[in-house]
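Below, each value reflects all heavy atoms present in this structure, side chains not excepted, and no hydrogens, waters or symmetry copies.
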Amino acid sequence: DAEALLGELRAWAARASRAENSNDAFVALNRLPGPPASMTHPLDLRYERLFTVLGFDLPPGPYHPGGRLPLTFYYRVDGETDRDLFFVADILGPPGVRIPAHFHAWHYPLHSRYHTDDWRRGEYLRDPTPIVIPEDLPAPVSLRLVLTVREGELAVDGLERGVRETTFDLTTIEITPDPAHAPPPAPPPLPVPDAPLPVPATIEAGAAPGAASGAVIASPIRALASTT
């Protein structure tokens, strides 16, 4: 009802007003004193005179439909710019597999709270970018995580290990069915008897009760007529 909705709105406003949820506090939380000590996927992906993607964290899983990919990028700011760059972290599937349209992490850095035209030379930044795995994603499936940096509609060149590209293949992600949602196992088949069951003998018309098929008893009337 209206009162419940108003209560939820007030609670949301209270959460949003907390210091830890402000842009400045969030950016400060993800501004690092130096490069991370370790990353699951170290890189040296350079966007010249702009920044370097030092690497990213993405644990090996397992990952299931309905879960989440805890993806986090790390950057070093190499130069200041007035270019507002957009980061396209995309999920690609094998041929014939439909990838839901919303399964990606297209974003401005740091939850859109710290754009590249505000970055300062020498900063080290952590960019948490979790991706929800759609529940209707077919599994098992092997996916690829790729990254493109764009300025408007234009892809920006990057350089990694001497190779210049606009889109970089970062890693493979394996999605497996969730065991908690697996169908119950089929019941075991019924046992098959070692020998076939005996088939009851049929009694032909005119046979005495208990007589087997073919054992026909002659009619007494017919026998008497034959003696006269």
Distance-minimising heavy-atom pair for P35 and L54: CB-CD1, 4.2 Å
Going hydrophobic residue to hydrophobic residue with side-chain gaps under 4.5 angstrom, can you get from L147 over to I99? yes
Do the rings of F87 and Y75 sit parallel, tilted or perpendicular, given the 30° and 60° boundaries? tilted
Hey, any chance V149 and L145 share a hydrophobic cluster, counting ILVMFWY side chains that come within less than 4.5 Å of each other, even indirectly? yes
Nearest heavy-atom pair of T72 and P128: which atoms, and what distance? OG1-CA, 3.9 Å
Indicate, with yes or no, if V77 and V156 share a hydrophobic cluster defined by side-chain heavy-atom contacts under 4.5 Å among Ile, Leu, Val, Met, Phe, Trp and Tyr. yes
Looking at R126 and D57, is there a salt bridge between them, counting it only when a charged N and a carboxylate O are closer than 4.0 Å? no
Nearest heavy-atom approach of T171 to H41 is OG1-NE2, 3.4 Å
Would you sort out whether F103 and L69 count as a side chain to side chain contact (heavy atoms under 4.5 Å, CB included), showing the intermediate values? CA-CA 11 Å; F103 187 24; L69 300 174; 4.2 Å; yes
Look up atom CG in L125 and atom CG in L32, then write down how far apart they are to the nearest 0.5 Å. 7.0 Å
With a 4.5 Å cut-off on side-chain heavy atoms, are D169 and L92 touching? no
Roughly how far, to the nearest 0.5 Å, is the OH atom of Y74 from the OH atom of Y124? 14.5 Å
T40 (side chain) donor-acceptor with L58 (main chain) under 3.5 angstrom: yes
Could you check whether atom CZ of R150 has more than 12 heavy atoms from other residues, nucleotides or ligands sitting under 6.0 Å from it? yes
Can a donor-acceptor pair be found, under 3.5 Å and without considering hydrogens, that links the side chain of Y63 to the backbone of G67? no
Using the rule given for side chain to side chain contact (heavy atoms under 4.5 Å, CB included), can you reason through D90 versus W106, listing the C-alpha separation, both sets of side-chain angles and the distance that settles it, and then say yes or no? CA-CA 7 Å; D90 227 340; W106 299 2; 3.4 Å; yes
What distance do R46 atom CZ and R76 atom CZ have between them, rounded to the nearest 0.5 Å? 6.0 Å
Measure across L137 and R98 and return the closest heavy-atom pair with its distance rounded to 0.1 Å. CD1-O, 4.4 Å
I need the minimum non-hydrogen distance between R113 and F26, along with the two atoms involved. NH1-CB, 3.2 Å
Straight-line distance of D127 CG to L110 CG, nearest 0.5 Å: 5.0 Å
Can R83 be said to sit on top of Y47's aromatic six-ring, NZ or CZ under 6.0 Å from centre and within 45° of the ring axis? no
Neighbour count >12 (heavy atoms, 6.0 Å) for atom CD, E135: no
How close do P177 and H64 get, counting heavy atoms only, and between which atoms? O-ND1, 3.2 Å
Would a hydrophobic clustering, with Ile, Leu, Val, Met, Phe, Trp and Tyr connected at side-chain separations under 4.5 Å, put F168 with I91? yes
How about R31 and E123: do any of their side-chain heavy atoms sit closer than 4.5 Å? yes
If we ignore hydrogens and angles and just use 3.5 Å, is the side chain of R120 paired with the main-chain N or O of D118 as donor and acceptor? yes
Distance, nearest 0.5 Å, that separates CG of D178 from CD1 of I133: 10.0 Å
Side-chain donor/acceptor of W119 to backbone N/O of T81, under 3.5 Å: no
Could you go step by step and tell me if L43 and L170 meet the side chain to side chain contact (heavy atoms under 4.5 Å, CB included) rule? CA-CA 9 Å; L43 298 171; L170 300 183; 3.9 Å; yes
Can you tell me how far apart CG (L85) and CD (E151) are? Round to the nearest 0.5 Å. 6.0 Å
Any idea how F56 and F73 line up, ring-wise: parallel (<30°), tilted (30 to 60°), or perpendicular (>60°)? tilted
